[in-house]
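Here is the structure we will look at, set down as structure tokens.
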Amino acid sequence: ALSLSLLILVASGCSVRRFAINRVGDALASGGSTYEKDEDLDLVGSALPFGLKLVETLIEESPRHKGLLQVACQGFATYSYVHLQHEAGVLAATDMDGAARLRALARRLCLRAHHYGYRGLDLLSPGISARMTTDPQAALARAGSGRDVPLLYWNAVAPGLTISVSKNDASMLARIPRCRR
């Protein structure tokens, strides 16, 4: 009886924890974050890496939470573009190697955003990420309802931003038509 009680306690603890994480994920995904409203771009740029790592930690605990995957996709794409690519542009005037390192980081984070976006899309429609690479029109025709548009949007933005920092990479440039669709 004691072992059964412990098992029930542990199992309910996990479900309570997952419930709490899912509620936080729902709140993050509902939009209107303080990051978007803050006028101090330096503060936001400095704070975003911590927030993104927190989101990744939550995804590890609840890997099938569509909202968290959308927040990760949007967050990594936004951080890459708004902060890293901007900083690389400023740095390029005095330090080309430093700017190249920032652009490489921006590219990796855009690819990470795209990965999270594909994971979210596959929750909406299993296998859609594979279909997006072979037949994007057919894949989009099978996409979910209007509530899925933000995830579809950010999943198109992420590779578009990756292309913008990969202008010397022919394989990335070949993805432009897919991003347009």
Side-chain angles (χ1 to χ4, degrees), residues 14-88 102-133 136 139-140 142-166 172 175 178-179 181:
C14 290
S15 64
V16 169
R17 179 181 173 137
R18 171 89 29 100
F19 175 78
I21 289 169
N22 287 341
R23 295 293 293 176
V24 169
D26 292 342
L28 290 172
S30 68
S33 78
T34 58
Y35 290 106
E36 295 167 359
K37 297 174 189 169
D38 200 313
E39 294 177 11
D40 188 341
L41 293 181
D42 289 330
L43 177 64
V44 170
S46 297
L48 271 172
F50 173 79
L52 292 171
K53 290 309 293 179
L54 174 63
V55 168
E56 285 187 318
T57 300
L58 296 172
I59 289 172
E60 282 184 23
E61 294 292 325
S62 188
R64 297 183 54 78
H65 192 283
K66 182 184 82 91
L68 286 172
L69 293 168
Q70 178 181 316
V71 168
C73 181
Q74 179 179 352
F76 278 106
T78 301
Y79 177 67
S80 172
Y81 181 70
V82 172
H83 187 70
L84 294 176
Q85 288 190 47
H86 171 74
E87 289 297 315
L102 282 179
R103 284 190 187 99
L105 175 59
R107 182 181 191 277
R108 286 193 312 271
L109 294 183
C110 282
L111 289 171
R112 192 181 220 163
H114 193 45
H115 168 75
Y116 284 122
Y118 266 177
R119 281 179 58 186
L121 288 176
D122 279 334
L123 291 176
L124 302 176
S125 176
I128 192 172
S129 61
R131 289 190 303 275
M132 289 290 280
T133 60
L140 289 174
R142 295 183 60 190
S145 66
R147 68 183 180 347
D148 301 330
V149 169
L151 184 56
L152 289 165
Y153 170 79
W154 284 104
N155 203 54
V157 167
L161 292 175
T162 306
I163 292 166
S164 75
V165 290
S166 306
M172 289 305 300
R175 295 181 184 191
R178 192 177 339 154
C179 291
R181 286 187 209 113

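As a basis for the values below, the full set of heavy atoms in this structure was taken, side chains included, without hydrogen atoms, waters or symmetry mates. Computed from a predicted structure; not experimentally measured.
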Exercise for the section: Give the minimum heavy-atom separation between Leu69 and Pro63, together with the two atoms involved. Expected result: CD1-O, 3.8 Å
Exercise for the section: Walk me through it: do Ile59 and Tyr116 pass the test side chain to side chain contact (heavy atoms under 4.5 Å, CB included)? Expected result: CA-CA 10 Å; Ile59 289 172; Tyr116 284 122; 3.8 Å; yes
Exercise for the section: Report the relative orientation of the aromatic rings in His114 and Tyr118; use parallel for angles under 30°, tilted for 30 to 60°, perpendicular for over 60°. Expected result: tilted
Fill in the blank from the handout: OH (Tyr153) and CG (Asn155) are apart, to the nearest 0.5 Å, by 12.0 Å
Problem - Heavy-atom side-chain contact between Trp154 and Thr78 under 4.5 Å - result: yes
Exercise for the section: Output the distance between atom CZ (Arg112) and atom SG (Cys73), rounded to the nearest 0.5 Å. Expected result: 12.5 Å
Handout entry: Check: Gln85 and Leu161 side chains under 4.5 Å, non-hydrogen atoms
Key = yes
Completion exercise
On a heavy-atom basis, the closest approach of Ala77 and Val157 is CB-CG1, 4.5 Å
Exercise for the section: Kindly give the heavy-atom pair with the smallest separation between Asp122 and Gly127, and that separation in Å. Expected result: OD1-N, 3.3 Å
Problem - Heavy-atom pair with the smallest gap, counting every atom of Lys66 and Leu151 - result: CG-CD2, 4.0 Å
Exercise for the section: Decide side chain to side chain contact (heavy atoms under 4.5 Å, CB included) for Leu58 and Glu61; before the verdict, give the C-alpha distance in whole Å, the side-chain angles of both, and the deciding distance to 0.1 Å. Expected result: CA-CA 5 Å; Leu58 296 172; Glu61 294 292 325; 5.7 Å; no
Problem - Donor-acceptor under 3.5 Å (Arg119 side chain, Arg64 main chain) - result: no
Problem - Note, Leu105 side chain near Arg108 side chain (heavy atom, < 4.5 Å) - result: yes
Exercise for the section: Without swapping roles, check the side chain of Thr162 against the backbone of Ala158 for a donor-acceptor pair under 3.5 Å. Expected result: yes
Handout entry: Pairwise distance CG(Leu124) to CD(Gln70) - rounded to 0.5 angstrom
Key = 9.0 Å
Fill in the blank from the handout: Shortest non-hydrogen pair, Phe76 vs Ala113, comes out as CB-CB, 3.7 Å
Practice task
State whether the side chain of Thr57 and the backbone N or O of Lys53 hold a donor-acceptor pair below 3.5 Å, judged by distance alone.
Solution key: yes
